[in-house]
Structure formats: C-alpha cells, structure tokens
Amino acid sequence: MLSILVTYYNQEKFISRSLNSILNQKLKEDFEILIGDDGSSDNTCNIIHEYILRYPEKIKLFIQPRDKNVIYSAVERASYNRL
C-alpha cells in the first residue's frame, strides 16, 4: 500500500483541490491519504471530515492540538506534524 502524507494549517481554500488531485490519480497500487493538521483555526478540519465521510477507507486525519497562548517554532511543528 502507498501512503500519501499531506499536512495542513489553515488551508481551507486549498484542501478540496489538493485532495481531489490525489484521489483522481490512477495508481495500480492501493493507497491511503494520511493528513496531519497543525491545529487549524479555520474550516480546514470540517472540510477534511467531509472527505472522510466520502472516503473513510482512504483518508485518516491526525490533529496536532495548538494552544493559542503559546508561541510555537514553525520548523518544530512542521517536523512533528509529518511524524
């Protein structure tokens, strides 16, 4: 199985386009989409959940919580999100 990793943070304007692009690929092997969200505060997770309802066997979402009172290192958060 091929695992495709996608990470998002407040990307509600681009999620549908990117997920549709992945889902429309013609691959011989089975694949899954592993989505890491970096604690988005916009509609990102809601849109992803709509895709999960349509493709529950293909898409898995992992949300990294974000505390509004903490200043995070973008590099560390991005690395952790990919893991």
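Just so it is clear, the values below take in all heavy atoms, side chains as well, and ignore hydrogens, waters and symmetry mates.
Annotation: side chain of R54 is not in contact with side chain of I59 (no heavy-atom distance under 4.5 Å). In this structure the side chain of L53 never reaches within 4.5 angstrom of the side chain of E50, judged on heavy atoms. The side-chain heavy atoms of V6 and I15, taken from C-beta on, include no pair separated by under 4.5 Å. Looking only at side-chain heavy atoms (C-beta outward), Y51 and I33 stay at 4.5 Å or farther from each other. Put simply, the side chain of E32 reaches to within 4.5 Å of the side chain of L34, judged on heavy atoms. Side-chain contact between D37 and F62 is absent, with no heavy-atom pair separated by less than 4.5 Å. Between Y8 and I48 there is a side-chain heavy-atom pair separated by less than 4.5 Å.
With rounding to the nearest 0.5 angstrom, the CG atom of L61 is 5.5 Å from the SG atom of C45. Here I52 contributes atom CD1 and E57 contributes atom CD; the two are 11.5 Å apart, rounded to the nearest 0.5 Å.
Among all heavy-atom pairs drawn from S41 and N10, the shortest one is N-OD1, 2.6 Å. Taking each heavy atom of I47 and E12 in turn, the nearest pair found is CD1-O, 3.5 Å. When every heavy atom of L2 is checked against every heavy atom of E29, the shortest pair comes out as CB-CG, 4.1 Å. Of all heavy-atom pairs spanning R66 and D38, the tightest one is NH2-OD2, 2.8 Å.
In this view, K13 satisfies the salt bridge (Lys or Arg N to Asp or Glu O under 4.0 Å) rule with no residue, not counting sequence neighbours.
For Y9 and T44, the side-chain atoms include no donor-acceptor pair closer than 3.5 Å.
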Could you go through the side chain to side chain contact (heavy atoms under 4.5 Å, CB included) check for I22 and F31 one step at a time?
CA-CA 10 Å; I22 295 167; F31 68 93; 4.1 Å; yes
Begin from the C-alpha positions of I35 and K60 and carry the test side chain to side chain contact (heavy atoms under 4.5 Å, CB included) through to its verdict.
CA-CA 6 Å; I35 300 174; K60 295 175 181 58; over 6 Å; no
